[in-house]
Amino acid sequence: MSQSVSRLSEYSPLPPRPKPLILDTLPSIPDLEGCSTRSQQRLDLLLLAIEALELGGSEYMLATVRDLELQTLIPGRVVLWKLRCTNPWRRSYNRNTLSQDQAKALTIIAGSRAKQLTLLLRQLLGAWQDLQAKGLPPDQHYRLSEYLERFQAHFRSRMNPRRARVARYLSQPEQLHPLALDLLTQLLFCAGATGVQRLWVSLFDGEVI
Amino acid sequence: MTIKRQYSLPKCSLQLEGMNAAATEDNEIDSHRPLLSVLLQAECIFPDREPRLLGGRDFLESLVNAVSLYAQGVLSGVSQPAATHRESGVNLWPSEQPGYHHLEWLPAEGQPVELELSTLHLADLVDAIDQFFADPRTLPDMTLQLTPVSRRYRQADIPLAVRAQPLATGLGSLAIAALLLFFIPVPEVEEPTVPPETTEENGETTQTDPDETPADASGEDDPPDADETNDESDGADDASEPERADTGETITAAELEELLSQGETITDPTEVRYIEQYLYRELNRAWEERDRLSTDLAYRVTATVDGAIVAYEPVDGTPEERGELTPLPDLQFLPTQAAIAQREATVDFKVVFTQDQVLQVNPWHGYAGTPTLGEQIEDAETLGKLQDELAQTLGEDWDEDVDTLGNDLVFRVGVTEAGEVADYQAQNNAAFTLSGLTPLPDRLEPNAGRSTGSVIPGEPLGQFQVVFKPDGVVEVSPF
C-alpha cells in the first residue's frame, strides 16, 4: 500500500485538484449513486436547446466550465461531449451513468447559460404567447422560428432515428415544436435566483423513496 | 412602525407588510433595514391581471409552497398527484392552452380568487419568491424547502430479500409439487402393436409383383414432378411481390406488418438463446418503475439478430396503454429500409413484466432443439491462460464484505480469446437473484467477440464455471 503511494507521488508532483466548491451549492441526493437515464436525457436536451438559442453555444459552455472552475470534472470538450452522450436518445449513446457530481456540473452549466440568456428567453416566450393569442403557429415569429429550426437541425443530426420516440419527433417538423417550447420554459425557470437548485432537485422527481 | 418590503419583477411583484416583534428604539436606528419578523399582510400583484391576491401569513406560506412545487413539476414534467389539491389555500394547475397556468386562492374566509397566468407571470412569481427567501431581513423563519417529489421506488431501493421472496416461495411450492408427484406412479409405456395381417399383405405384394413395381414407381413419379414445377413458379411469384412493395421510400405500418409476417424467422436455438439473454439484460436494466404494476403485463416482442426490438403487442388481455409502464416504448427501434429489403430475420419472444417485479423472457415458439454455447475455444493452453486471467480479474472485485446470505453464486462465463467477458449465465438461484452484486455485469463487454449488428458471438469463446463464495474467494474451473 505504502509502496503505491510513494510511486504515485513520484510521478505526479502536483497534488490532486480539489473538488469544485460550487458543487456544494447543490444538495447531494442521499441513497442514490448516479442519475437515471431520464435525468441524463433531460440535461442533454436542455443543453441542446441552449445551443439552438445561441450560435457557438458549446464554446460558451466550455467558457462557463473555466469561469466556474469545473475543469476537474470537465477538462475539455471531449469529456463534455461524453457526459452528454449519456442521453439514451443520442446516436452515440455510450451507456454510461452520470455520477451526481457530473450531473451537478451539467446542471450548473445549463443554469448559468440560462441566466445569461434570460432576456432572449423572455422575448421568445412572449412572442409565442402573442402568436397564440392571434391563433398563429409558433414559426411565424422570425427569431422564434430561427430557434425552432436550429433545434430541429441539432436534434435530427444527433439523435438516433431508429429509436421509436425519436422517429416520432422527426416524422413531421411540427412534432418537435412542443418539446422545443417546453425546453424554453424550463430554461426560463432555471434562470431565476434559485433556478439551478430547482432544476437539480427536479432531476430526481420520481426517482427517490 | 410598519415595515414594507417589495420584490418587483416585470410581470409580478410581491409586497410584504409587517413589523419587528423585538423592536426597540436603539436597534431600529442601528440598522438601515430593520428585521421584518411578523407579517401583517402579503400582496401579490400582476400588473396586467386583476384582481390582486391578498392575505396573511397562511396565504404567503401556501403561495410559496404551491408555486415551488408547481415550478418543480414544470421543470421535471412529473405532474403533481391530484391529492395535493387543497380545500383552502393556493392551488395551481396547467391550463388547457399550453403555456398558461391556472392559479386559485381559496381563503378561509371570503371570496375565492382565480387567475390565468402566462409562463412569464409564473416565472416572475417564482423569482419574486426566490428573492424573498434570499432576503435575510424578511421573515428569516421561512426557508425554501426543495425536495424531489413522488414516492415511486427505484428497483435498487427494494431490498434483495424482498425481491427474492417471490422466487423463493415459487421454488418452495415447486418442490412440494415435485414431492407429491413423486408418489404418483409413472405410467408404463406400451409399444403400439401393429396388426400382423397388413404386414403380411405388404410383403405379399412386393414379393408377388416384382415386374410391376418399376412401372408403378415411374408412373407415380410423374405427377409430383408437375407439382414441383408449379411450386417453383408459385415461389417466384411470392418473391417478386415483396420486391414491388419495397420500392416505397418510407416505412409504413403495412410494410412493417409484411416484414414481420413474411420475413424469415430465426430458428437456430443457440441464436434464439443469445438474443433472449440480450433482451433480458436490456429490459431488466431499463425497467425502472417496478412498483407501479398492479397486474402482470404480457407482450409478444419481435426482435432482430442485433437484439433490436422492432415490434411488440400486448397479449393475454394486457391493456394497450399500460405499455408506458414498461421500458418497451423506449427500447423499440424502427427497422430500416435496408432491413425490409433484406427481409431481416426476426424471432418472437413472450415478455412478462410481473407484478412481483420479476422479468420473464421466453421464446414464443420455444426452442427448435437444444441451444448450445456456440463455438468454443479448444486449445488447452489458451484455456488455461484465460482461466488464470479470469480468476484474477474477478477476484479483484470480489471480497467477503458482499452479503450473499451465505450462498455460493455459480455462473457460466464465456470469455473471448482476448480475455473479455462476452457472456454469462447464472447457474443457481442465488446467482440469478444476486447477480447484481457480482462484478460480472460491469465486466461484461456486450460487443466482445461479436461482429457489428449481431448479439451472437462470431468467434469461439472459452466457457468457464465461476463460483463466487461468501468468504470472498472466486473459483474458476472449465465448464
Side-chain angles (χ1 to χ4, degrees), chain A residues 26-27 29 31-34 36-39 41-42 46 88-89 95 118 121-123 125-126 128-133 138 160-168 170-171 177-178 181-182 184-195 197-209, chain B residues 9-11 68 71-80 97-100 118-120 122-134 144-154 156-158 250-251 285-286 288-289 308-311 327-336 339 446:
Chain A
L26 301 178
I29 308 291
D31 302 329
L32 280 185
E33 277 181 19
S36 68
T37 48
R38 188 167 171 276
S39 313
Q41 175 188 319
R42 283 182 50 208
L46 281 172
W89 284 1
R95 291 161 178 269
T118 311
L121 288 167
R122 295 186 72 101
Q123 279 173 358
L125 285 167
W128 179 40
Q129 267 161 27
D130 293 345
L131 291 171
Q132 268 184 313
N160 185 348
R162 287 199 66 204
R163 289 225 172 239
R165 294 250 163 133
V166 173
R168 213 173 304 150
L170 292 176
S171 60
H177 291 175
L181 292 167
D182 232 26
L184 278 190
T185 309
Q186 289 179 28
L187 284 175
L188 182 63
F189 277 85
C190 300
T194 54
Q197 280 85 344
R198 288 183 189 277
L199 171 62
W200 170 249
V201 170
S202 83
L203 286 179
F204 298 92
D205 268 6
E207 309 288 344
V208 292
I209 301 172
Chain B
L9 284 132
K11 295 228 169 208
S68 280
Q72 199 167 315
V74 170
L75 276 171
S76 71
V78 175
S79 55
Q80 300 293 309
Q97 191 178 12
Y100 284 86
S118 71
T119 297
L120 289 179
L122 187 67
D124 280 354
L125 176 57
V126 172
D127 220 11
I129 289 172
D130 282 351
Q131 290 187 12
F132 150 63
F133 277 127
L144 179 61
Q145 299 289 338
L146 292 174
T147 43
V149 296
S150 151
R151 297 178 49 79
R152 294 182 313 213
Y153 294 87
R154 278 169 63 101
D157 293 331
I158 303 167
T250 53
I251 315 158
R285 198 175 65 88
E288 285 181 349
E289 299 157 3
I309 296 173
V310 291
L328 287 171
D330 281 332
L331 293 176
Q332 190 190 2
F333 279 76
L334 294 180
T336 55

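Computation of the quantities below employed the complete heavy-atom set of this structure, encompassing side-chain atoms and omitting hydrogens, waters and symmetry-equivalent molecules. Reminder, nothing fancy here: chain letters follow the sequence lines and each chain counts from 1.
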Interface moiety of Ala134(B) toward chain A, non-hydrogen atoms closer than 4.5 Å: neither
Test item: Leu181(A) and Pro98(B) side chains (from C-beta on) under 4.5 Å apart, heavy atoms: no
CZ on Arg198(A) to CG on Leu75(B), rounded to 0.5 Å: 8.5 Å
Proximity breakdown for Tyr100(B) and chain A, heavy-atom pairs closer than 4.5 Å: side chain
Close side-chain approach of Gln197(A) to Leu144(B), heavy-atom, < 4.5 Å: no
Pairwise distance CG(Asp127(B)) to OG1(Thr194(A)) - rounded to 0.5 angstrom: 7.5 Å
Separation of Leu122(B) CG from Phe189(A) CZ (nearest 0.5 Å): 4.0 Å
Donor-acceptor contact present, side-chain Asp205(A) to main-chain Ser76(B), <3.5 Å: no
Side chain, backbone, both or neither of Arg42(A) within contact of chain B (heavy atoms, under 4.5 Å): side chain
Closest approach of Gln129(A) to Gly99(B) (non-hydrogen atoms, all atoms of both residues): NE2-O, 3.9 Å
Residue among Ala191(A), Cys190(A), Ala164(A), Pro178(A) with most heavy-atom pairs under 4.5 Å to chain B: Ala164(A)
Beyond-backbone contact of Val201(A) with Gln145(B), side-chain heavy atoms, under 4.5 angstrom: no
Side chain / backbone / both / neither for Trp128(A) at chain B, heavy atoms under 4.5 Å: side chain
Contacting moiety of Leu199(A), where chain B heavy atoms sit under 4.5 Å: both
Contacting region of Ile29(A) [heavy-atom separation from chain B under 4.5 Å]: side chain
Within-4.5 Å side-chain heavy-atom neighbours: Gln132(A) and Gln97(B): yes
Side chain to side chain contact (heavy atoms under 4.5 Å, CB included) assessment of Thr119(B) paired with Leu184(A): CA-CA 10 Å; Thr119(B) 297; Leu184(A) 278 190; over 6 Å; no
Residues that Asn160(A) engages under side chain to side chain contact (heavy atoms under 4.5 Å, CB included), provided they are two or more places apart: Arg91(A), Arg162(A), Arg163(A), Phe333(B)
